[in-house]
Amino acid sequence: MNLSYRKAAKKDADLLINLYNSSFYDDYLRYGECPAYGQTKEQMEQSIEKTAKYIITSDNTPVGVISFSDRGKGHYYLNCLCVIPAYQGKGIGTQAFQYMLSLYPDWEQITLVTPADKKQNIKFYTEKCGFHVADKEMHGNVEIVNFYRKNH
């Protein structure tokens, strides 16, 4: 599998919406809400301006997105790492996370959140990406897990 990454631009808004909707549809059904699902083109264009988003392609087919924010002083926030269902379980997310690390060799800490009942996400972030669970909290009607990874 040949993966590549391309920084998203405003012209990619519709593609990003499709990738997010495909990746987060089950979350939307499960929780009745999902910030990554159902964005308008205008919302996505604004998000592209604020947050670094990279389209993940496998053999020239768009299969996912990795998005992160620089919070300063080596602290980054992983906003989104999603792979469409047909391509999950193939190591794409792990490789995308490693790609992110290569873009920001100055990283000191990375944080992220995921729903507490998404056991496969928790396993992925702790076992494949080296994150630790910080704590849990309620976000709307969804319990979320806060993760961190420090670069020692």
Side-chain angles (χ1 to χ4, degrees), residues 3-58 60-85 87-88 92-116 118 120-122 124-126 128-151:
L3 296 181
S4 61
Y5 307 88
R6 175 175 62 82
K7 190 164 187 181
K10 278 180 142 180
K11 67 179 177 60
D12 296 310
D14 288 329
L15 171 60
L16 289 169
I17 289 167
N18 289 335
L19 290 167
Y20 278 46
N21 285 350
S22 176
S23 299
F24 293 106
Y25 180 67
D26 287 344
D27 287 353
Y28 174 73
L29 291 179
R30 175 184 280 173
Y31 307 116
E33 64 178 279
C34 178
Y37 180 83
Q39 293 186 40
T40 66
K41 187 171 184 175
E42 181 181 9
Q43 288 170 321
M44 185 59 77
E45 287 174 345
Q46 289 173 357
S47 182
I48 292 166
E49 286 180 357
K50 293 179 195 171
T51 308
K53 295 180 187 309
Y54 288 82
I55 298 165
I56 307 165
T57 59
S58 173
N60 298 316
T61 300
V63 298
V65 180
I66 186 166
S67 171
F68 40 89
S69 301
D70 183 346
R71 298 215 167 148
K73 298 182 181 177
H75 181 194
Y76 294 88
Y77 181 77
L78 181 57
N79 295 299
C80 179
L81 173 53
C82 65
V83 176
I84 60 175
Y87 284 82
Q88 291 175 2
I92 294 170
T94 305
Q95 289 181 52
F97 181 70
Q98 292 301 319
Y99 175 74
M100 178 199 156
L101 294 180
S102 76
L103 288 177
Y104 297 96
D106 69 326
W107 74 273
E108 291 295 323
Q109 179 172 302
I110 302 168
T111 55
L112 67 97
V113 302
T114 197
K118 302 274 304 221
Q120 76 268 26
N121 287 13
I122 294 168
F124 169 75
Y125 287 120
T126 56
K128 302 283 186 182
C129 299
F131 281 87
H132 302 279
V133 173
D135 58 17
K136 294 180 182 179
E137 64 183 323
M138 291 303 293
H139 185 76
N141 68 344
V142 179
E143 184 180 30
I144 60 169
V145 177
N146 293 294
F147 291 89
Y148 69 94
R149 178 174 169 183
K150 293 187 182 227
N151 190 8

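- Taking the side chain as every heavy atom from C-beta outward, T61 and Y87 approach each other to under 4.5 Å.
- The shortest distance between side-chain heavy atoms of I48 and M44 falls below 4.5 Å.
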Go through the steps for E42 and Q46 under the test side-chain contact (heavy atoms from CB on, under 4.5 Å), then give the verdict. CA-CA 6 Å; E42 181 181 9; Q46 289 173 357; 3.6 Å; yes
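- Looking only at side-chain heavy atoms (C-beta outward), R6 and T57 stay at 4.5 Å or farther from each other.
- Contact annotation: the side chain of Y5 approaches that of Q95 to within less than 4.5 Å [non-hydrogen atoms, C-beta and beyond].
- Classification of K53 and D12 as a salt-bridged pair fails, no side-chain N sitting under 4.0 Å from a carboxylate O.
- I55 contributes atom CD1, which lies 4.5 Å from atom CG of L15 (distance to the nearest 0.5 angstrom).
- Taking the side chain as every heavy atom from C-beta outward, M100 and L81 never approach each other to under 4.5 Å.
- When atom types are taken as modelled, the side chain of N21 and the backbone of G38 share a donor-acceptor pair closer than 3.5 angstrom.
- A donor-acceptor pair is defined here as one N or O able to donate and one able to accept, closer than 3.5 Å; such a pair exists between the side chain of N141 and the backbone of Y31.
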Please report the C-alpha distance between F124 and F97 in whole Å, then the side-chain angles of each, then the deciding distance to 0.1 Å, and finally whether the ring-ring contact (aromatic ring centres under 6.0 Å, His included) criterion is met. CA-CA 11 Å; F124 169 75; F97 181 70; 7.8 Å; no
Please step through side-chain contact (heavy atoms from CB on, under 4.5 Å) for the pair L101 and Y76, ending with a clear verdict. CA-CA 10 Å; L101 294 180; Y76 294 88; over 6 Å; no
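- A distance of 10.5 Å separates OG1 of T114 from CG of N146, quoted to the nearest 0.5 Å.
- Annotation for N60: atom CG does not count as buried by contact number, only 12 or fewer foreign heavy atoms lying within 6.0 Å.
- Contact check for D26 versus Y37: no side-chain heavy atoms found under the 4.5 Å cut-off.
- A distance of 7.5 Å separates OG in S67 from CG in L78, rounded to the nearest 0.5 Å.
- Around the OH atom of Y25, the shell of radius 6.0 Å holds no more than 12 heavy atoms that belong to other residues, nucleotides or ligands.
- Contact of the L103 side chain with the Y54 side chain is registered, since non-hydrogen atoms from C-beta on lie closer than 4.5 Å.
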One pair to check against side-chain contact (heavy atoms from CB on, under 4.5 Å): Y77 and N79. What are the steps and the verdict? CA-CA 6 Å; Y77 181 77; N79 295 299; 2.9 Å; yes
Is there a side-chain contact (heavy atoms from CB on, under 4.5 Å) between I110 and N151? Walk through the geometry before answering. CA-CA 9 Å; I110 302 168; N151 190 8; over 6 Å; no
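- Looking at every heavy atom in both residues, C129 comes nearest to R149 through O-NH1, 2.7 Å.
- Taking the side chain as every heavy atom from C-beta outward, T126 and F147 approach each other to under 4.5 Å.
- The line from CD1 of I17 to NZ of K41 is 7.5 Å long, rounded to the nearest 0.5 Å.
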